[in-house]
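Excluded from the calculations below are hydrogen atoms, water molecules and symmetry mates; all remaining heavy atoms, backbone and side chain alike, are included. Per chain, numbering begins at 1; letters A, B, ... match sequence-line order.
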Amino acid sequence: MKTCAAWREELAVFATDGVSPNSDNADARAHFERCAECQKALGELRKAAAIHIEMGAKLAVSYDSPRRLESWFAEKTRHRDPKSSSGVGFWTPRWPPYLGATAALLTMLLVVTAVVLRTSRELPQDRVPLIEQPPSSAVQAAMQGGQATWQAYRQELQHGSERMAGPISAGGAHSHYRMKDAYSELN
Amino acid sequence: MQTLDEVRTDCETVISEEEVTVLVLRAQAGDAEAFGRLFGAIEARLHRQALFLAGNEQQALDLMQETMLEAWKFLARYDRRARFFTWVCSIMMHRHYDWLRRIRVRGATYFSFGENELRAVPAQAGSPSETADLLDQARLVRECLDQLPAKQRSVVYLRFYAGESLQGIAAMAGCSLGTVKSRLFHALERLAKMQKLREFQIQLGRGEE
């Protein structure tokens, strides 16, 4: 035997027009007749439904309205494109204007980011090590050990006569000066 | 009080269901004139529904036009499981609540009961005071509907205002009859609570007087 909770869906049907579209109708009616709690709930639901049934009825009454849609639609379809695949030539999607602006802004941002990333990876011309100049005396003296080379290199950097791209380390500075020396000897 | 069956009789279009079917088939084949005639037949009732939903004449007309365009665009999807009028009402309701959501997001108010609306309501209501009462009642009912969750609101609207059967609603929504009944029950339960609250507020107002 079904409980009250099991019949609550039928309650809504009975509250609207009392005609249930399934075979449980008679059983539901029998239950509602003998259950005081369901009767109370049914009364409240009927009261709530009555307002909408009444309003629906008022809206449903036909009246003589000016016929505007038919002529409006005929006017619209007169200019439609017969080649349109959707069959609705005048239909155009209404994108909000800010959506286009946002897309353009995002595209610009992407392009700028790509350009910045690309240029930062390239070795700029003015950062190419200046290998034309022979090593200074301080450098030559410092070629003996890694630490000394590093200190000499730092001095030249501060002085502004030396520049080197890439990570700076004592070992890196040492090999840099070795390359400079070999170049000088060749010339 | 009028029963739903009586309402449904009033809802009958000036053209028969067979004619509607023929026009739908012609429109689905691309006949814009048939589609125009189809809408012409339901325009008066649709106008009232739009007026009820939108709240004023101008928005109601916009809503009807948008609904018509959308119905034309998606006409191929109409499978005649529900009545054509119900299908159109369903589109209109969704369009309206989409629009309402956008308005709410922008923080604007939309209810404007002005002279336009009073003129737009047909003479059926009788005297101006009766018309005003009807409008006021419509506003209250719509406010209650607005507070329902979308799925429950859809069932209530299609059942009471579009006059569709529960099976028709289930077919349109693509769910079982039990689900539709359950949504209707929960919707009515909420509406009953709202009504109780309103009555309590009215009593409170009278007590203060």
* **Spacing of A:E10 atom CD and B:L184 atom CG [to the nearest 0.5 Å]** => 11.0 Å
* Asked: Between CD of B:Q195 and CG of A:L45, what distance do you get to the nearest 0.5 Å?
  -> 10.5 Å
* Asked: Would you say the side chain of B:L188 lies within less than 4.5 Å of the side chain of A:H52, judging by non-hydrogen atoms?
  -> no
Tell me, for [X] versus chain A, whether the close heavy atoms (under 4.5 Å) come from the side chain, the backbone, both or neither.
X: B:R183; value: neither
X: B:L75; value: neither
X: B:L61; value: side chain

* Heavy-atom neighbours of B:R153 CZ exceed 12 at 6.0 Å -> yes
* Atom CD of A:Q39: over 12 foreign heavy atoms under 6.0 Å -> yes
* To do: With a 4.5 Å cut-off on heavy-atom pairs, point out which of B:A192, B:S182, B:A76 contacts chain A the most.
  => B:S182
